[in-house]
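Here is the structure we will look at.
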Amino acid sequence: MTLNDLAERLGVPARQIRFLIAEGILPPAAKTGRAADGYDETHVLQGQRYLALHRMGMKPGSIKVLMAFDDAVPILQAGGVELRVDPGIAPEAIDIEAVLNAVEAALRAYVAKD
């Protein structure tokens, strides 16, 4: 489908689709140019998800982070918390201590909000 078709399906202006692509929230079209028809149902579903999260009050940056983890591999679920790993990262590249410190800090900050 074309950019205009996608915008119509999502009920947003074409410039918003361009913004979502530029921000890395939606993937670029498979084809480019005036007669581009490189948008498909993946774009529609991701666009609908973005818009639903945005309507719930989430900021674009937070939505981008959340959507980036769609393909992440869950490796732990405990106490209502899930730990996911980007499948593109090599296990030996993970600085376990740094990750543990960041997780601990984030959880402590979250718990302190209550």
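Sequence positions, counted from 1, serve as the residue numbers for this chain.
Counting only heavy atoms from C-beta outward, the side chains of Q46 and L20 never approach each other to under 4.5 Å.
The two residues A72 and P87 make their nearest non-hydrogen contact at CA-CD, 3.7 Å. Closest heavy-atom contact between P13 and A7: C-CB, 4.0 Å. Across I89 and A93, no two heavy atoms sit closer than the pair CG1-CB, 4.1 Å. Scanning both residues, P27 and H43, for their nearest heavy atoms gives O-NE2, 3.0 Å. Minimum heavy-atom separation, H54 to I63: N-CD1, 3.5 Å.
Residues V81 and V111 do not share a hydrophobic cluster, clusters being chains of Ile/Leu/Val/Met/Phe/Trp/Tyr side chains in contact below 4.5 Å. Linking Ile, Leu, Val, Met, Phe, Trp and Tyr whenever their side-chain heavy atoms come within less than 4.5 Å puts M56 and V12 in one cluster. Transitive grouping of hydrophobic side chains (ILVMFWY, heavy atoms separated by less than 4.5 Å) keeps V99 and Y110 in distinct clusters. L45 and F19 fall into different hydrophobic clusters, where Ile, Leu, Val, Met, Phe, Trp and Tyr side chains are chained together by heavy-atom contacts under 4.5 Å. Linking ILVMFWY side-chain heavy atoms closer than 4.5 Å, directly or via other members, places L107 and V65 in two distinct hydrophobic clusters.
Applying the salt bridge (Lys or Arg N to Asp or Glu O under 4.0 Å) rule to pairs touching residues 41-64 yields R9-E41, R49-D70, sequence neighbours excluded.
Heavy-atom contacts from other residues, nucleotides or ligands closer than 6.0 Å to CD1 of I96 number 12 or fewer. Under a cut-off of 6.0 angstrom, the local environment of CD in E8 is sparse, with at most 12 non-hydrogen atoms contributed by other residues, nucleotides or ligands.
Going from atom CD1 of I17 over to atom CG of D5 covers 11.0 Å, rounded to the nearest 0.5 Å. Within the model, atoms CD of E97 and CD1 of I94 stand 13.0 Å from one another, a figure rounded to the nearest 0.5 Å. Here the CG atom belonging to L76 is positioned 8.5 Å from the CD atom belonging to E82, to the nearest 0.5 angstrom. In this structure, the separation between CD1 on I21 and OH on Y39 is 3.5 Å, given to the nearest 0.5 Å.
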Would you sort out whether L51 and Q16 count as a side-chain contact (heavy atoms from CB on, under 4.5 Å), showing the intermediate values? CA-CA 11 Å; L51 293 170; Q16 187 168 2; 3.8 Å; yes
Begin from the C-alpha positions of R18 and L3 and carry the test side-chain contact (heavy atoms from CB on, under 4.5 Å) through to its verdict. CA-CA 9 Å; R18 287 189 202 96; L3 176 66; 3.3 Å; yes
Apply side-chain contact (heavy atoms from CB on, under 4.5 Å) to residues L26 and Y50 and explain how you reach the verdict. CA-CA 9 Å; L26 292 181; Y50 171 86; 5.8 Å; no
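Listed by chain and residue number, nothing satisfies the side chain to side chain donor-acceptor pair (under 3.5 Å) test with N4 (two or more places apart in sequence, or in another chain).
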